[in-house]
Amino acid sequence: MMVLTSLSASLLSSLSSLTGPPPSNSNVYFSSSLPSPRRRLNPKPNHRNRNRHLSLPLLSRTSPTRSTHCSSSFSSMPLEVSTSPSQLQDSLLYSRAFWVTQSIIAWNVDVIGDGSCYLYASQTAALSVTDSEVEGHDFKIKLEEDSGGIPQNVIAKFPHIRDYKAFRVPSTVDAKSLVKCQLAVATFGSDGKCSYATGLQLPGVLDELFAYDGPLGAHYSEDAVSLYLWAPTAQVYDISQQILYGQDPVEVVQLKEVNGVWSVEGSKDWEGFYYVYEVNVYHPSTLHVEKCYANDPYARGLSPDSQRTLLVNLDSDTLKPEGWEKLADEKPIILSFSDISIYELHVRDFSANDHTVHPDFRGGYLAFTLEDSAGVLHLKKLSNAGITHVHLLPTFQFAGVDDVKENWKCVDSTVLEKLPPDSTEQQAQITLIQDDDGYNWGYNPVLWGVPKGSYASSPSGSFRTIEFRKMVQVWLSYSVAHAFCPCLPNALNHIGLRVVLDVVYNHLHGNGPFDENSVLDKIVPGYYLRRNTDGFIEHSTCVNNTASEHYMVERLIIDDMLNWACNYKVDGFRFDLMGHIMKSTMVKAKDAVNRLTKERDGIDGSSVYIYGEGWDFGEVANNGRGINASQFNVGGTGIGSFNDRIRDAMLGGSPFGHPLQQGFVTGLMLQPNGHDHGGKDVEELMLSAAEDHIQVGMAANLRDYVLTNSDGKEVKGMEVLTYGGAPVAYALHPAETINYVSAHDNETLFDVVSMKTPMEISVDERCRLNHLASSVIALSQGIPFFHSGDEMLRSKSLDRDSYNSGDWFNRLDFTYNSNNWGVGLPPKQKNEKHWPLIRPRLADPSFKPQKNHILAAINNFLDVLQIRYSSPLFRLTTANAIQERVRFHNTGPSWVPGVIVMSFEDGHRGVPGLTQLDPIYSFIVVIFNASPSEVSFPSPVLRARTFQLHPIQAMSADEVVKNSSYETSTGCFTVPPRTTSVFVEYR
């Protein structure tokens, strides 16, 4: 039986006084059928370019004069100017005043002379502004300017309003009741005319009055199910007179409110039913009291259409695969975070194109549980070579893909395969159905705490819960699976891989009272989403930025992480746009997870690794909304962040620069591609700076690591500057740096190399450069991160943003027959500007790697992974150890262009000085030769040693690297072109 529960956490029916709490009664409805579709006020955003500002329509109500593009708040705003009568009428469209504490309202306005300021409230949202009054109010309260200004604790929380005036709210006002109303403030001159008026933003006062640490969501006991919803601005409403989508409820239950939390206790047989909240609340986006239907923010299950919340008890034994409780003791061992290597993978990419997987399992959780599929066999190779963690792109409930597979549209791939490699037809057919197929990266969050239904064999009931757990765990014991395949315990943990979840807490896909994907903004409007100083939602992340500086937003994020850690036993969290989350939130989240124990919680929280994108932009830039979790700010926390400096120095430019700008790996100065970099002298400066940036990154991007730069000066990592003048280094601990050259965003590594290198070089050379780039990441200090398929020369046909490009452009081929190069011009929306550069490359058959190239790339990748794990010297665990043991030798004015020489020195047992870490090797030298020619590098400090090629390379299938050599008498190393060579000295 299905349940539609209407929890009326609704609007006040009367407010005769401000001295007592509102009445507390509302009802809950149960129905046996689905509600009809709700109207949408906004289209689905199709944008997925999260490293820069986007121009998106505002999804909240705007005035006719307001720009409909993204905007950012400033740290301080000029005082409001005099307002005309026509502007006054529209003034309540804005919320430019901030109720920051029970006693203080902050507003950027002056009250001149004998003027006055008032707070207005309307329980029915009837406020309107004339030139002499605010009409339609139920309450009018005089405010006095507070000469003491805004308190320091408020400024710390809301630094963007530090220069605002403070107005004191009388202590007799019942703020808890007042926040349930439409609110406005207005100033009047001595002539009685209204000067300024605006609505209020309430997060500050809501946090002070209603911050709550008790139960939320559904809680299960032996004989009852209890529901808790935090909705302090909701009003009481008589639901019995309402018609819910024309459906007859199965059951109606009353709720009670205590200090902003609405709750009800029901019978145990509620478990397995569906419900939905009805919240009647004033919504600032419409200026009306709205009846909103919303899922539970703490939902753990959903209906197939995602419109109702499933009452699912995750502690039920029926939802636990065999041996689930023992999983914490069977997980792969990680002694130090420095031992981590990460492989980034999209759930659907992994198996959608794998014909060794049963069709019913392709593109979903269960594909990871098979024993002998091509994809699983590939993961086993990676695990055996050293990969420790699989980072899964979003697996929570996201918009953009219907969970009901029968509703999907698809293209005939056999038709596409016959088209020319540079045709526009492939992308035309893909984009025609891109919003109705089964593909999306998933950065469109709807509910953070529920596994995505489209990846399950069925979106109904608890299938998604069970199958997600099986993917993480070791056994596929679900009876449906056995009908299709003989499966052994080969899920991710069993084959030696830990699981990282990609979490997107920085934004939400929906907002407003009617959007079917809106949840939080229906329940407490204006609280969960960060707003600018005009009161409109910030969209710098892409759309609908969340506000972790608000107490209950931070709590929801931390609670969600604990849910995934405890209930799904995941091993890490990758934060999308982490810089838009406050540093304090990240630290609290890390501490909360670290406190989990196997004995009490079923997981060792100290082994859970947390990292993210520390980009610093938008309204949070430069700590504009508080100290945010940017690259520089998280240093010392143990939280990792992506190192874009090493990526850009290796590949050239940035993902947003000219596509032909070259870098260390792609031929800068040494093999020009025709792009004007500014002349030979400029190119030499660019290459020397790039090598400095790479070397800092290879030393884990440590702020205080001292090296000799290209000018011959000893400098710290933080004294090496980017082209924009910012320090290159930001980390204080090696595990705080994620080194990478490629990820799901932007072009694949092979595509970048193919675009930036000269058109006349061979595909063999491009393949070697692809491997060279991967080897730099694999052999650096810090944590290496690899995009799935880079080891197989993966191509997306030069698509720079494949978030919605379907299976066609995102294909992975674990049979190694194709790397997906030349499958048509990439989708027009994000790539058309560069089609003139892309077309001749795709059309040239010499660009496409053959199977032998792909196999060689895989073998070389496995070799460097094994080399990384052959010695602890590649995975040093402290900043001091890196400073003491890691050296760079090809530095200063006499450098050899295109070559990086790095060494690791170990101590000897019983000998004063360095401690011994490696029982086999006492000294290691790694040389990266990105030049098109063989290089000889003599090093006086490395003379008279016994170096030989690393045994893995000496036995490698790569015949080129075997030509590397070392001459003891001269200390001269010889390395073939476009090759990484590792030399070791045995004890």
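Values below: every heavy atom of this structure, side chains too, minus hydrogens, waters and symmetry copies.
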Asks: Decide side-chain hydrogen bond (donor to acceptor under 3.5 Å, both in side chains) for Thr737 and Asn643; before the verdict, give the C-alpha distance in whole Å, the side-chain angles of both, and the deciding distance to 0.1 Å.
Replies: CA-CA 6 Å; Thr737 292; Asn643 180 11; 5.7 Å; no
Asks: Output the distance between atom CG (Leu392) and atom CG (Asp502), rounded to the nearest 0.5 Å.
Replies: 9.0 Å
Asks: Hey, does Tyr528 have a side-chain heavy atom less than 4.5 Å from the side chain of Val519?
Replies: no
Asks: State whether Arg574 and Asp576 are salt-bridged, where the test is any N-O pair (Lys NZ or Arg NE/NH1/NH2 against Asp/Glu carboxylate O) under 4.0 Å.
Replies: yes
Asks: Is the distance between the ring centroids of Phe468 and Trp564 under 6.0 Å?
Replies: yes
Asks: Are His389 and Tyr611 close enough that their ring centers fall under 6.0 Å?
Replies: no
Asks: Aromatic contact between Phe337 and His733, with the criterion being ring centroids under 6.0 Å apart: yes or no?
Replies: no
Asks: For the residue pair Ser641 / Gln631, report whether a side-chain donor-acceptor contact shorter than 3.5 Å exists.
Replies: no
Asks: If you compare all heavy atoms of Pro394 against all heavy atoms of Val504, which two are closest, and at what distance to 0.1 Å?
Replies: CG-CG2, 4.1 Å
Asks: Distance alone, cut at 3.5 Å: any donor-acceptor contact between the side chains of Tyr869 and Ser341?
Replies: yes
Asks: Assess, by modelled atom type and distance only, whether the side chains of Glu344 and Tyr740 contain a donor and an acceptor separated by less than 3.5 Å.
Replies: no
Asks: What closest approach, in Å, do Gly579 and Asn628 show between heavy atoms, and which atom pair accounts for it?
Replies: O-ND2, 2.9 Å
Asks: Taking atom types as modelled, is there a side-chain donor on Tyr220 or Asp315 under 3.5 Å from an acceptor on the other?
Replies: no
Asks: Mind checking whether Leu302 and Arg464 have side chains closer than 4.5 Å, heavy atoms only?
Replies: yes
Asks: Are side-chain N/O atoms of Ser267 and Asp269 paired as donor and acceptor at under 3.5 Å?
Replies: yes
Asks: For the backbone of Leu862 and the side chain of Glu791, can you confirm whether one donor and one acceptor N or O come within less than 3.5 Å of each other?
Replies: no
Asks: Kindly compute the distance separating CD (Gln473) from CH2 (Trp324), expressed to the nearest 0.5 Å.
Replies: 6.0 Å
Asks: Going by ring-ring contact (aromatic ring centres under 6.0 Å, His included), Tyr527 matches just one of Phe210, Tyr551, Trp230. Which one?
Replies: Trp230
Asks: Would you say the side-chain atoms of Asn506 and Tyr443 include a donor-acceptor pair closer than 3.5 Å?
Replies: no
Asks: Between Asp604 and Lys331, does any side-chain N to carboxylate O distance fall below 4.0 Å?
Replies: no
Asks: Kindly indicate whether the side chain of Ser306, heavy atoms from C-beta on, has any atom under 4.5 Å from the side chain of Gln397.
Replies: yes
Asks: Enter the distance from Trp262:CH2 to Leu227:CG here, rounded to the nearest 0.5 Å.
Replies: 14.0 Å
Asks: Any side-chain donor-acceptor pair under 3.5 Å between Asp296 and Tyr275?
Replies: yes
Asks: Would you check, one step at a time, whether the test side-chain contact (heavy atoms from CB on, under 4.5 Å) holds for Leu917 with Leu876?
Replies: CA-CA 9 Å; Leu917 301 177; Leu876 297 172; 3.7 Å; yes
